[in-house]
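Structure record follows, encoded as structure tokens.
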Amino acid sequence: MDQQPPGDRAAAGSGVPTPTCYRHPDRETGISCTRCGRPICPECMVSASVGFQCPDCVRQGSGTGHHPAAARPRTLAGGAVAADPRLVTKILVGINLAVFLLVSVRPALVGDLTLLGLAWDPSPPPGSVEGVAEGQWYRLVTSMFLHQEVVHIGFNMLGLWWLGGQLEAALGRSRYLALYLLSGLAGGALTYLIAAPNQGSLGASGAVYGLFGATAVLMRRMNYDMRPVLVLLAINMVFTFTWGGIAWEAHVGGLIAGVAIAVGMVHAPRERRTAVQVGACALVLLASIGIIVARTMSLT
């Protein structure tokens with residue numbers, strides 16, 4: 001003989017209607033979802049770590065009891081996996097190409113956007129003092145996207161495309177963008193510190209070398225064969241110190257920053273990942289700002 005559950009017998013005896021499944025109103029049940037509290041029948045019950053959950057709650061939070069975002073797939077560095085893992089790289093390439101075309105039409109913009117410590121600009125009369133030391137801090141950023149020669153932008157954009165796509169997929173968009181911008185800033189800061197005040201510097205090389213350093217750290221973290229990237233990096237460093245007209249300071253500064261940031265990104269312990277990653281980026285940023293402020297004080 002079938003028996004009515006004790007809870008149902010009490011409800012029936014008291015005149016209180018028995019709850020019915022929210023998905024199957026014709027089925028009475030004494031069980032409810034542990035997350036939303038809605039009544040569910042045996043067919044709709046999904047086992048959870050504690051009790052049962054309804055299908056809607058399982059779909060929203062993957063049955064973990066956490067916010068739905070917690071169930072989304074993550075990159076090696078903890079970033080969200082994007083449908084287009086090269087979106088930021090495409091945008092950066094697009095910005096560089098757009099600025100290149102702009103200065104091709106208006107060459108005078110080069111003097112306004114290039115990285116310059118402190119120099120006298122005789123035009124237009126009566127002339128003026130220009131440079132970062134004069135408060136033109138924007139030059140540290142605008143110079144990162146500025147190119148004059150086709151060969152220069154060609155090499156930098158090839159490096160950005162080859163290295164950037166893999167790093168963006170491994171780190172996530174926000175972490176990758178932070179790596180790129182901070183590496184470029186660090187390269188500009190070291191150039192500002194060491195180069196002659198009136199020596200102009202431009203190009204995305206500092207940021208690209210930061211991607212080189214980060215790629216080496218990532219490959220080491222994943223136990224890949226590092227020889228190809230080390231050989232490529234060595235060749236580029238030879239060109240850096242042997243070819244004329246290259247701001248080696250930007251290459252070295254970007255490389256050091258890229259390695260430091262990447263170590264914090266991919267080696268951060270899971271339980272403190274965000275704090276360690278933000279801390280690594282903050283250290284590079286503060287070091288760059290410290291260099292810029294010290295150099296400015298020495299020039300003024």
Side-chain angles (χ1 to χ4, degrees), residues 69-70 72-82 85-89 91-92 140-141 144-145 156 159-193 204-230 232-234 236-237 240 248-294:
R72 295 173 185 168
R74 294 285 169 178
T75 66
L76 175 67
V81 175
R86 286 182 177 265
L87 178 62
V88 175
T89 299
I91 293 174
L92 291 173
L140 290 160
V141 177
M144 294 165 48
F145 299 94
N156 278 343
L160 173 56
W161 183 256
W162 287 338
L163 301 171
Q166 301 300 321
L167 286 169
E168 184 176 349
L171 301 179
R173 290 174 178 172
S174 59
R175 292 165 175 80
Y176 167 70
L177 183 60
L179 167 69
Y180 183 89
L181 295 178
L182 289 174
S183 295
L185 179 63
L190 192 62
T191 302
Y192 180 46
L193 175 67
S205 300
V208 172
Y209 268 76
L211 302 186
F212 263 118
T215 299
V217 173
L218 178 63
M219 294 183 70
R220 180 69 180 86
R221 169 68 173 78
M222 301 180 71
N223 293 321
Y224 287 170
D225 184 2
M226 296 182 60
R227 286 174 293 182
V229 70
L230 291 179
L232 185 60
L233 179 58
N236 278 271
M237 292 304 292
T240 295
W248 62 267
E249 302 92 345
H251 295 190
V252 173
L255 180 63
I256 295 173
V259 170
I261 293 172
V263 169
M265 291 284 187
V266 304
H267 288 286
R270 184 181 298 271
E271 61 274 9
R272 299 191 305 276
R273 182 156 52 193
T274 300
V276 172
Q277 292 172 345
V278 171
C281 292
L283 285 176
V284 172
L285 177 61
L286 290 175
S288 300
I289 292 176
I291 291 173
I292 294 167
V293 171

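Since the model is a prediction, treat every value here as computed from it, not as a measurement.
- Side-chain atoms of Thr191 come within 3.5 Å of backbone atoms of Ala250 as a donor-acceptor pair (strictly under, hydrogens ignored).
- Within the 4.5 Å cutoff, no side-chain heavy atoms of Val229 are placed close to those of Tyr224.
- Counting heavy atoms from C-beta on, the side chains of Ser205 and Asn156 come closer than 4.5 Å.
- Atom CG of residue Leu140 and atom CD1 of residue Ile292 lie 4.5 Å apart, to the nearest 0.5 angstrom.
- The distance from the OG1 atom of Thr89 to the CG atom of Leu163 is 9.5 Å, given to the nearest 0.5 Å.
- When all heavy atoms are compared, the tightest approach of Thr75 to Ala169 is CG2-O, 3.4 Å.
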task: Start with the C-alpha distance between Leu181 and Tyr176, add both sets of side-chain angles, then the distance that settles side chain to side chain contact (heavy atoms under 4.5 Å, CB included), and finish with yes or no.
output: CA-CA 9 Å; Leu181 295 178; Tyr176 167 70; over 6 Å; no
- prompt: Under the side chain to side chain contact (heavy atoms under 4.5 Å, CB included) criterion, do Leu76 and Leu171 qualify, and how do the steps go?
  reply: CA-CA 6 Å; Leu76 175 67; Leu171 301 179; over 6 Å; no
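- Atom CG of Leu92 sits about 8.5 Å away from atom CE of Met144, to the nearest 0.5 Å.
- Atom-to-atom distance recorded for Leu179:CG and Cys281:SG is 8.0 Å, nearest 0.5 angstrom.
- The CG atom of Leu160 sits 5.0 Å away from atom OH of Tyr180, with the distance rounded to the nearest 0.5 Å.
- Annotation for Arg86: atom CZ counts as buried by contact number, over 12 foreign heavy atoms lying within 6.0 Å.
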task: Might you work through the side chain to side chain contact (heavy atoms under 4.5 Å, CB included) test for Leu177 and Ile91, ending with a clear yes or no?
output: CA-CA 10 Å; Leu177 183 60; Ile91 293 174; over 6 Å; no
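- Applying the side-chain contact (heavy atoms from CB on, under 4.5 Å) test to Ile291 and every residue at least two apart in sequence or in another chain returns Ala189, Leu193.
- In plain terms, the two heavy atoms of Leu87 and Glu168 that are nearest each other are N-OE2, 3.2 Å.
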Using distance only, find each side-chain donor-acceptor pair of residues 259-277 under 3.5 Å and give its atom names and separation, not counting sequence neighbours.
residue	atom	partner	partner atom	Å
Gln277	OE1	Arg175	NE	2.7
Gln277	OE1	Arg175	NH2	3.2
Gln277	NE2	Ala77	O	2.7
Gln277	NE2	Met265	O	2.9

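- Taking a 6.0 Å sphere around CH2 of Trp162, one finds it holds 12 or fewer heavy atoms contributed by other residues, nucleotides or ligands.
- Side-chain contact between Leu233 and Leu255 is present, with at least one heavy-atom pair separated by less than 4.5 Å.
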Would you mind writing out the side-chain donor-acceptor pairs for residues 208-215 within the sub-3.5 Å range, not counting sequence neighbours?
residue	atom	partner	partner atom	Å
Tyr209	OH	Asn236	O	3.1
Tyr209	OH	Thr240	OG1	3.0
Thr215	OG1	Leu211	O	2.7

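- Here the closest non-hydrogen pair linking Val284 and Ala257 is CG1-CB, 3.8 Å.
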